[in-house]
**Student:** 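Below you will find the structure I want to go over with you.
Hydrogens, waters and symmetry mates play no part in the numbers below; they use all other heavy atoms, side chains included. Just so you know, residue 1 is the first one in the sequence shown, and it goes up from there. Quick caveat, the model's predicted, so the values are computed rather than measured.
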Amino acid sequence: EVQLVESGGGLVQAGGSLRLTCTASGFTFDDHAIGWFRQAPGKEREGISCISTSEGSTYYTDSVKGRFTITSDNAKNTVYLQMNSLKPEDTAVYYCAAGEYVAPLPILTSSGAMDYWGKGTLVTVSS
């Protein structure tokens with residue numbers, strides 16, 4: 001059974017930091033791309049970052065570039081999203097997702113064309 005489990009969400013003040021964790025099982029971790037997506041209340045889902053677990057290459061959308069860092073630990077089948085300098089507009093449910101690495105990371109991130117999805121973790125940034 002494929003599972004993606006996110007953790008690490010919570011309430012933080014603006015300017016603070018959180019680290020989200022995505023732990024995967026049930027598929028071959030190191031030949032997939034793992035992405036982080038978020039959905040704020042009343043808004044569409046937004047892809048924000050993606051990593052190729054085989055190559056280590058990464059992609060960030062402009063909204064998080066320079067503030068968020070995605071990394072993977074293939075030995076633990078885990079991907080992390082370090083979020084610094086958080087803003088109230090970062091408030092959302094954050095999801096991780098996995099897909100075969102068959103397209104450039106920007107395409108996978110913007111399209112959300114992933115095969116497996118977690119259930120999400122809530123991040124709330126207070127002003």
Side-chain angles (χ1 to χ4, degrees):
E1 178 188 6
V2 172
Q3 280 193 319
L4 292 167
V5 180
E6 304 94 337
S7 62
L11 174 63
V12 64
Q13 288 188 333
S17 299
L18 284 174
R19 188 178 79 159
L20 303 185
T21 299
C22 172
T23 302
S25 61
F27 63 94
T28 306
F29 183 81
D30 56 6
D31 68 0
H32 278 67
I34 309 292
W36 284 98
F37 300 78
R38 66 186 182 186
Q39 188 164 20
K43 294 188 177 181
E44 292 188 354
R45 186 184 66 199
E46 174 191 18
I48 58 173
S49 184
C50 201
I51 186 168
S52 162
T53 56
S54 59
E55 302 173 351
S57 53
T58 59
Y59 171 76
Y60 303 92
T61 57
D62 288 345
S63 60
V64 304
K65 193 177 299 181
R67 299 188 299 123
F68 291 9
T69 303
I70 189 170
T71 57
S72 70
D73 183 339
N74 289 11
K76 296 182 179 180
N77 282 12
T78 298
V79 169
Y80 305 97
L81 186 69
Q82 178 66 43
M83 306 187 297
N84 299 328
S85 301
L86 284 161
K87 306 174 182 179
E89 52 262 44
D90 294 318
T91 295
V93 178
Y94 284 69
Y95 301 90
C96 69
E100 291 188 17
Y101 188 27
V102 295
L105 296 181
I107 300 297
L108 290 176
T109 307
S110 63
S111 69
M114 298 298 210
D115 300 312
Y116 313 115
W117 291 81
K119 295 182 179 181
T121 186
L122 177 62
V123 172
T124 303
V125 184
S126 63
S127 57

**Student:** Group every Ile, Leu, Val, Met, Phe, Trp and Tyr by side-chain heavy-atom contacts under 4.5 Å, then state whether F68 and V125 land in the same group.
**Tutor:**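 Looking at the clustering, V125 is in the same group as F68.
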
**Student:** Are the side chain of S49 and the backbone N or O of Y59 linked by a donor-acceptor pair below 3.5 Å?
**Tutor:**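 Looks like yes, one N/O pair under 3.5 Å.
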
**Student:** If you measure from OG on S54 to NE2 on H32, what distance do you get to the nearest 0.5 Å?
**Tutor:** 10.5 Å

**Student:** For a 4.5 angstrom cut-off between non-hydrogen side-chain atoms, does T71 reach Q82?
**Tutor:** no

**Student:** Could you tell me the separation between the OG1 atom of T109 and the CH2 atom of W36, rounded to the nearest 0.5 Å?
**Tutor:**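 It comes to 13.5 Å.
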
**Student:** Heavy-atom count around E100 CD within 6.0 Å, excluding the residue itself: above 12?
**Tutor:**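 Counting other residues, nucleotides and ligands, CD of E100 stays at 12 neighbours or fewer.
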
**Student:** In plain terms, say whether D90 and K87 are close enough for a salt bridge, that is, a side-chain N and a carboxylate O under 4.0 Å apart.
**Tutor:**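 Here D90 does not pair with K87 in a salt bridge, since their nearest N and O are not under 4.0 Å apart.
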
**Student:** Measuring only between side-chain heavy atoms, which start at C-beta, is V64 closer than 4.5 Å to L81?
**Tutor:**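 V64 does not reach L81 side chain to side chain.
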
**Student:** Please examine the side chains of C96 and V79, heavy atoms only from C-beta on, and report whether any two atoms are closer than 4.5 Å.
**Tutor:** no

**Student:** Kindly assign one of parallel, tilted or perpendicular to the pair W117 and Y95, based on the angle between their ring planes and the thresholds 30° and 60°.
**Tutor:**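 Plane angle over 60°, so perpendicular.
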
**Student:** Would you compute the distance between atom CZ of R38 and atom CZ of R45 and round it to the nearest 0.5 angstrom?
**Tutor:** 13.5 Å

**Student:** How about L4 and C22: do any of their side-chain heavy atoms sit closer than 4.5 Å?
**Tutor:** yes

**Student:** So, T21 side chain and S7 main chain: donor-acceptor pair closer than 3.5 Å or not?
**Tutor:**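 Side chain of T21 to backbone of S7, a donor-acceptor pair under 3.5 Å: no, none is there.
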
**Student:** Is there a side-chain contact between Y60 and R67, using heavy atoms and a 4.5 Å cut-off?
**Tutor:** no

**Student:** To the nearest 0.5 Å, what is the distance between CD (Q39) and CD (E46)?
**Tutor:** 10.5 Å

**Student:** Which atom pair, heavy atoms only, marks the closest approach of L11 to S126?
**Tutor:** CD1-CB, 4.3 Å

**Student:** Within this structure, what is the OH-CD1 distance for the pair Y101 and I51, rounded to the nearest 0.5 Å?
**Tutor:**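 Nearest 0.5 Å value for the OH-CD1 distance: 10.0 Å.
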
**Student:** Apply side chain to side chain contact (heavy atoms under 4.5 Å, CB included) to residues D115 and V2 and explain how you reach the verdict.
**Tutor:** CA-CA 10 Å; D115 300 312; V2 172; over 6 Å; no

**Student:** Let me confirm one number: the OG-CD1 distance from S110 to I48, rounded to the nearest 0.5 Å.
**Tutor:** 13.5 Å

**Student:** According to a 4.5 Å side-chain heavy-atom criterion applied to Ile, Leu, Val, Met, Phe, Trp and Tyr, with indirect links allowed, do Y80 and V12 form part of one hydrophobic cluster?
**Tutor:** no

**Student:** Quick check: closest heavy atoms across S57 and L105, and the distance to 0.1 Å?
**Tutor:** O-CD1, 3.4 Å

**Student:** What pair of heavy atoms forms the shortest contact from A33 to C50, and how long is it?
**Tutor:** CB-SG, 4.0 Å

**Student:** Any side-chain heavy-atom pair from T28 and D30 closer than 4.5 angstrom?
**Tutor:** yes

**Student:** Take atom NZ in K65; do more than 12 heavy atoms of anything else shown fall under 6.0 Å from it?
**Tutor:**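 Count over threshold, so yes.
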
**Student:** If you group Ile, Leu, Val, Met, Phe, Trp and Tyr by side-chain heavy-atom gaps below 4.5 Å, do I34 and I107 land in one group?
**Tutor:** no

**Student:** If two hydrophobic side chains count as joined below 4.5 Å and joins carry through other members, does F27 share a cluster with M114?
**Tutor:** no

**Student:** Can you give me the closest heavy-atom contact between A14 and P88, atom names plus distance?
**Tutor:**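 Scanning both residues, the minimum pair turns out to be CB-CD, 4.1 Å.
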
**Student:** Could you tell me whether a side-chain N or O of T78 sits under 3.5 Å from a main-chain N or O of K76, the two making a donor and an acceptor?
**Tutor:**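 Yes; at least one donor-acceptor contact below 3.5 Å.
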
**Student:** Can you tell me if T53 uses its side chain to pair, donor with acceptor, with the backbone of F29 under 3.5 Å?
**Tutor:**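 Judged by distance alone, yes, a pair lies under 3.5 Å.
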
